[in-house]
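Lettering follows sequence order; numbering is per chain, from 1. The analysis underlying the following values was restricted to heavy atoms, covering all of them including side chains, and did not include hydrogens, waters or symmetry mates.
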Amino acid sequence: MNLTDSTWAIEADGLVKTFGANRAVDGVDLRVAAGTVYGVLGPNGAGKTTTISMLATLLRPDAGTGRIFGHDVVKEPQIVRQLIGVTGQYASVDETLSATENLVLFSRLLGLGRAEAKRKAAELLEEFGLTDAAKRPLKQFSGGMRRRLDLAASLIAQPPLIFLDEPTTGLDPRTRAQMWDTIRRLVSSGSTVLLTTQYLDEADQLADRIAVIDRGRVAAEGTADELKASVGSSSLQLRLAEPRDLGDAQAAIERVLGVRATASPEAGRLTAPMQDADRVTELLITLREAGIHLTELSVQKPTLDEVFLTLTGHGVESDDSDDDASAEPQLEGSRA
Amino acid sequence: MTTATIVPGAERALKNHVSLGQTVRNSLSMAYRGLLKIKRTPEQLVDVTLQPILFTLMFTYIFGGAIAGDALSYLPFFLPGILVQTVITTSVVTGVQLREDMDKGVFDRFRSLPIARVAPLAGALLADTVRYGIATTLTFVTGYLMGFRPEAGFGGVLAASVVVIVAAWALSWIFAFFGVIARSAGSVQGISFLVLFPLTFLSNAYVPADTMPDWLQWFVGINPVSHLVTAARGLTMGTDVTGDLFATLLGAAIVVAVFAPLTVRAYMRKA
C-alpha cells in the first residue's frame with residue numbers, strides 16, 4: 001500500500017446509482033482525509049443515503065469506484081467492512097432484544113469472546129449513558145436512546161471510519177446537542193467521520209469540510225467558511241417595527257445598496273447581501289428620513305441556507321424519493 | 001471516550017475472505033439471536049404449540065374410524081404422518097419470519113459487518129429447529145396421551161424426531177429462498193403453501209397409497225415427503241427402513257445444496 005492510499009479515508013470517483021429511471025446518485029466524487037469530519041449536506045432525496053450505502057458495501061455502484069483506506073468497495077468488500085462502522089438513518093439495532101443483548105450480539109459477531117463481549121457491552125452502555133436502560137426492551141426506548149445505542153454498536157470494533165447517516169434527524173434540540181458532543185468526542189479519539197445531514201447548522205458545527213450534494217451530484221465542496229465566502233462576504237439583516245413598511249424599506253435598500261432584499265413577511269424581516277459595510281450608514285439615514293423604524297439590525301456572515309440557495313439555484317426543498325424517503329417529519333433546519 | 005486511540009486503517013491486518021470456522025461461529029451467534037427472539041416473543045410459538053395438538057386430535061378422530069376401524073389402531077400409522085405434516089408446515093413460518101426480519105433496519109447492520117454472508121440466514125434457520133423440536137415433542141406427547149405406544153420405544157421416537165427435524169430444516173431453505181426474494185411476508189406464505197400442500201397431501205402421510213389411482217401412486221412414490229413419512233413410521237415401529245431413510249437424507253442434502261447457495265445469492269443481491 002502506498003502513501004497516497006492511506007492518507008485518504010474515502011476516495012469516491014464518479015459514483016453512480018440508478019433506481020429505475022431515477023439517477024439517485026449521478027457521478028459523486030469525494031475525498032475525505034483521515035482523521036477529519038466530513039459533512040455531506042443536502043435535502044431529502046439528494047442521494048446522501050445512497051452514496052453512503054455504496055461506500056459501506058450495502059449497495060453495488062452502477063458506475064464509478066469507491067475506496068476506503070485504499071480498499072475497493074466492490075473488490076474487497078470484506079476488508080472494507082472491517083474498517084467501517086455504519087449508523088443508519090433509522091436505528092439499525094434489534095428491536096426485540098435489550099440494549100445489552102444487542103451489543104453482546106454484535107460483539108460476538110465481531111469475534112469477541114463471551115466474557116469480553118459482555119464487558120464491552122457494559123463499557124459502551126456506560127459511556128453512552130444507557131446503563132439504567134440496559135435490560136429494558138428497545139420498544140420502550142426514546143428516539144435519542146436508540147440513536148445512542150446504534151452509535152455504540154458501530155463503535156464496538158473501534159473502526160477507523162464511521163458513517164453517520166443523519167444522526168440527529170427527528171431528535172429534539174437537547175438530544176441533538178448530546179449527539180453532537182458524542183460525535184466530537186469520537187473524532188478526538190482519532191476516527192474519521194462521514195456525516196450526512198439536512199441540517200445546515202449541523203454541518204457548520206461539526207464538519208471540517210462539507211460537500212453540498214443536490215440531485216445526486218456534488219454542487220460545491222470546501223470548508224464551511226469557503227462555502228459561505230463563495231456566496232458573498234456578509235449579509236445585512238433588518239427587523240422592522242411596522243411590517244407594513246416592508247415594501248418601502250425594500251425600495252430604499254434597492255436604491256441605496258443596489259441589491260434586492262429578500263423579505264420574510266411574518267416577522268417583518270429583511271435580508272440583503274452586502275459588499276460594503278460603509279454604505280449601511282447611508283441606508284440607515286435614508287430609512288430614518290422615510291420614517292421607517294427598526295427594532296433590530298445585524299450584519300452576519302451568510303448562513304449555509306443561503307449558500308445552498310445560491311449554489312443550487314433552488315431552496316432546500318422536500319421532495320420524497322426512495323433515498324431518504326419514509327415519512328420522518330421534515331423538521332426545519334433549526335438554527336442554533 | 002475510553003477508546004483513546006483508534007488503529008489507523010492502513011495499519012490493520014485484513015483479509016478479504018471469511019474462514020469456515022468464522023462462518024460457523026457467526027451462524028451460531030445469529031442462532032443465539034434467534035433463540036433470544038423466541039424467548040422475547042413467545043406468542044410466535046402459537047403455531048408450534050397449538051397446531052400439533054389440534055391436528056393430532058382432529059385428524060385421528062375424523063379419519064381414524066373410517067380408515068383403520070378405530071382411532072387407536074390408526075395412531076401408529078397416522079402419528080408419524082401428522083408429525084411430518086406439522087413440522088414441515090412450521091418450516092414455512094421460517095420463510096415468513098425471515099422476510100419480516102429482513103425488512104428491519106438491523107439487517108442493514110448485519111450486511112455492513114465483516115461477518116460471513118450466510119450467517120444471518122443460517123442462524124435464523126438453525127434457531128428455528130427449536131420450533132420444530134417443540135412441535136415434534138407435542139405431537140408425540142398428544143399421541144401418547146391418546147394411547148400411542150410405539151413398538152420401537154423411546155429410542156425409535158427420538159430417532160424419528162431427529163430425522164423429521166433435519167428434513168424440515170433442509171426444506172426450510174426453500175421457504176427461506178421465497179422469503180428472501182418475495183416482496184412481503186404475506187406473499188411468502190402464499191407461495192410456500194402452494195408448494196407445501198401438494199407435497200404433504202399427495203403423500204402417504206394420511207392414508208396408505210394403494211387405493212389411489214396409478215398416476216397418483218406414482219407421484220406419492222417419488223414424493224420425498226412419502227419417504228420421510230415411511231422412514232419416521234418405520235423408526236417408531238422398529239421396522240427396517242434403511243432405503244427410505246437414505247432417500248430422505250439424500251433428498252434433504254440435495255435441497256440444502258441447491259437452495260442454500262441460491263438463497264444466499266438472492267440475499268446478497270438484495271444487499
Side-chain angles (χ1 to χ4, degrees), chain A residues 1 5-7 9 34-35 53 56-60 68-71 75-98 101-102 105-106 108-111 123 126-127 137 150 153-155 157-161 163 185-186 188-192, chain B residues 1-19 21-23 25-44 97 100-117 119-120 123-124 127 268-271:
Chain A
M1 195 181 297
D5 281 342
S6 53
T7 48
S53 298
T57 76
L58 296 176
L59 267 180
R60 206 186 163 88
I68 305 297
F69 294 105
H71 297 284
K75 293 193 195 91
E76 302 172 292
Q78 203 65 17
I79 287 186
V80 170
R81 288 179 196 124
Q82 290 165 59
L83 293 168
I84 59 171
V86 186
T87 294
Q89 198 171 338
Y90 304 101
S92 37
V93 284
D94 201 321
E95 299 276 315
T96 40
L97 272 51
S98 74
E101 286 165 346
N102 262 292
L105 170 67
F106 295 130
R108 296 283 287 156
L109 285 171
L110 288 165
E123 187 185 302
E126 174 78 47
E127 199 169 308
D150 203 0
S154 305
L155 301 182
Q158 303 190 357
L161 172 63
F163 292 102
R185 274 188 291 146
L186 197 60
S188 63
S189 71
S191 289
T192 310
Chain B
M1 288 264 145
T2 47
T3 51
T5 46
I6 301 273
V7 182
E11 292 168 22
R12 297 187 174 210
L14 304 160
K15 279 184 302 186
N16 199 32
H17 70 273
V18 180
S19 68
Q22 195 197 337
T23 305
R25 275 198 307 280
N26 290 162
S27 301
L28 288 176
S29 296
M30 292 302 298
Y32 165 74
R33 164 180 180 263
L35 292 181
L36 281 178
K37 268 183 62 191
I38 293 176
K39 203 176 101 189
R40 281 293 133 74
T41 47
E43 64 270 20
Q44 280 182 355
Q97 287 183 352
E100 286 172 352
D101 214 13
M102 278 178 59
D103 290 335
K104 292 181 192 156
V106 72
F107 262 74
D108 272 344
R109 182 178 298 281
F110 292 148
R111 284 195 283 249
S112 75
L113 290 177
I115 57 171
R117 300 290 93 185
M268 303 258 284
R269 197 162 307 158
K270 279 242 158 129

Original post:
B/Arg33 side chain to A/Phe106 main-chain N or O, any donor-acceptor pair under 3.5 Å?
Top reply: no
Original post:
Nearest 0.5 Å, what's the CG-CG distance between A/Leu105 and B/Leu36?
Top reply: 8.0 Å
Original post:
Between A/Ser154 and chain B, which part of the residue has a heavy atom less than 4.5 Å away: side chain, backbone, both or neither?
Top reply: both
Original post:
Is there side-chain contact between A/Leu109 and B/Met30, with at least one heavy-atom pair below 4.5 Å?
Top reply: yes
Original post:
Of the backbone (N, CA, C, O) and the side chain (C-beta and beyond), which part of B/Phe107 lies under 4.5 Å from a heavy atom of chain A, both, or neither?
Top reply: neither
Original post:
Taking the six-membered ring of B/Tyr32, is NZ or CZ of A/Arg108 closer than 6.0 Å to its centre and within 45° of its axis?
Top reply: no
**OP:** Name the member of A/Thr96, A/Asp94, A/Thr192, A/Val86 that forms the most heavy-atom pairs with chain B at distances under 4.5 Å.
**Re:** A/Asp94
Subject >> Nearest heavy-atom neighbours spanning A/Leu58 and B/Ser112 >> reply: CD2-N, 3.8 Å
**OP:** Drop me the distance from A/Thr57's OG1 to B/Leu113's CG, to the nearest 0.5 angstrom.
**Re:** 9.5 Å
Subject >> Side chain, backbone, both or neither of A/Pro77 within contact of chain B (heavy atoms, under 4.5 Å) >> reply: both
Original post:
Any side-chain donor paired with an acceptor under 3.5 Å for B/Arg40 and A/Ser98?
Top reply: no
Subject >> Flag side-chain contact, heavy atom, 4.5 Å: B/Arg117 against A/Gln78 >> reply: yes
**OP:** Please check if the side chain of B/Arg109 supplies one atom and the backbone of A/Ser92 the other of a donor-acceptor pair under 3.5 Å.
**Re:** yes
**OP:** Please determine, among B/Asp108, B/Leu28, B/Asn26, the option with the most heavy-atom pairs under 4.5 Å with chain A.
**Re:** B/Asn26
